[in-house]
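Take a look at the structure below.
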Number of protein chains: 2
Amino acid sequence: MDQPEWDPYVRECPTRQLLDRIGDRWTVLVIGSLADGPRRFSGISRSVQGVSQKMLTLTLRRLERDGLVTRTAYAEVPPRVEYELTELGRSLREPLKALEMWAKDNMATVLESRTHHDEAMTA
Amino acid sequence: MDQPEWDPYVRECPTRQLLDRIGDRWTVLVIGSLADGPRRFSGISRSVQGVSQKMLTLTLRRLERDGLVTRTAYAEVPPRVEYELTELGRSLREPLKALEMWAKDNMATVLESRTHHDEAMTA
DNA sequence: CTGAATCCGTATCGATACTG
DNA sequence: CAGTATCGATACGGATTCAG
């Protein structure tokens, strides 16, 4: 149980990489897309609008490497590949969902703040 | 109260920008650094190890524009500037803290997963 | 369908030097 | 102390093309 004392406030702490990963443009959305169960590549692609094949592949590979997602390829024609959250991946759902909720709940306020701020600058 | 139906899964939804902002390298740490109360520029700088002046300034400006942080400059010599979370900013503390906790709790597992994955690749 | 590989513009970020 | 300004590397990410 004894874990090293990870501290993202320290320079080269690996947790920073982890925060970075979580924070990239697509990770949050992809994990959200897998939240309700396994999904195929094309399904995720449709769900996360605007993601390119390249970035989706890359994101999934990283998630796989980090043990958050499993990849299962079925030997069929045409190919079918399913991605699924691991237990670890599922444990990330809740904090990420909270973030998504916060973004939704406060988007209007933030937008308003930006407008005011920009007007004050111009004036 | 009726808010538009923000949906980060849709292409040009502003919530994506918000998630991007939250997800950048420094935002999470800076907000964490301000979680316990107001702090000066240099204080934040020391707390968030490795952040450059440029990036700290940029991050604070963005947070200010988004209404998450207030900036108060005192007309003294030498100058003193304090940053403080707004109510909105404070509402972000909890979800971000959860994320930070997750990163700490699972860093070891992720590191292990990476090692296994990379070994499997080499083999 | 599920990718891998390539090209390439751009945004990001760090380092450095300078200012009030 | 608290910034601003500038330069340069490089990582990110989009579009396109090709393949199993």
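Here is how names work: the chains are called A, B, and so on, in the same order as the sequence lines, proteins then strands, and each is numbered from 1.
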Could you check whether Arg16(A) and Gln49(B), counting side-chain N and O atoms only, form a donor-acceptor pair closer than 3.5 Å? no

Without hydrogens or angle criteria, can the side chains of Asp24(B) and Thr27(B) be said to hold a donor-acceptor pair below 3.5 Å? yes

May I ask you to decide if Ala35(B)'s main-chain N or O and Arg93(B)'s side chain share a donor-acceptor pair within less than 3.5 Å? yes

Check whether any side-chain N or O of Ser91(B) sits under 3.5 Å from a backbone N or O of Leu88(B) as a donor-acceptor pair, and report yes or no. yes

[X] [atom1] to [N] [atom2]: how many Å, rounded?
X: Arg62(B); N: dA11(C); atom1: CZ; atom2: P; value: 13 Å
X: Phe41(B); N: dT4(D); atom1: CZ; atom2: C1'; value: 11 Å
X: Arg39(A); N: dC1(C); atom1: CZ; atom2: P; value: 15 Å
X: Asp20(A); N: dC13(C); atom1: CG; atom2: P; value: 9 Å
X: Tyr74(B); N: dG3(D); atom1: OH; atom2: P; value: 13 Å
X: Gln53(A); N: dA5(C); atom1: CD; atom2: P; value: 14 Å
X: Asp24(B); N: dC13(C); atom1: CG; atom2: P; value: 6 Å
X: Leu60(A); N: dA4(C); atom1: CG; atom2: P; value: 10 Å

Run the salt-bridge test on Glu64(A) and Arg62(A) with the 4.0 Å N-O cut-off and return the result as yes or no. no

Nearest to the side chain of [X], heavy atoms from C-beta on, is which of [options]?
X: Pro78(B); options: dG13(D), dC1(D), dA2(D); value: dC1(D)
X: Val81(B); options: dG3(D), dG14(D), dA4(C); value: dG3(D)
X: Arg61(B); options: dC1(D), dT4(D), dT6(D); value: dT4(D)
X: Lys54(A); options: dG13(D), dG3(C), dT2(C); value: dG13(D)

Which comes earlier along DNA chain D counting from the 5' end, the contact point of Pro79(A) or that of Gly50(A), where each point is its nearest nucleotide? Gly50(A)

Starting at the 5' end of DNA chain D and moving along, which residue's nearest nucleotide shows up first, Met55(A) or Gly43(B)? Gly43(B)

Does a side-chain N or O from [X] land closer than 4.0 Å to OP1 or OP2 of [N], or not?
X: Arg25(B); N: dT12(C); answer: no
X: Arg80(A); N: dT2(C); answer: no
X: Ser42(B); N: dA2(D); answer: yes
X: Arg71(A); N: dT2(C); answer: no

What does Tyr83(B) touch in the nucleic acid at a heavy-atom separation under 4.0 angstrom: a base, only the sugar-phosphate, or nothing? sugar-phosphate

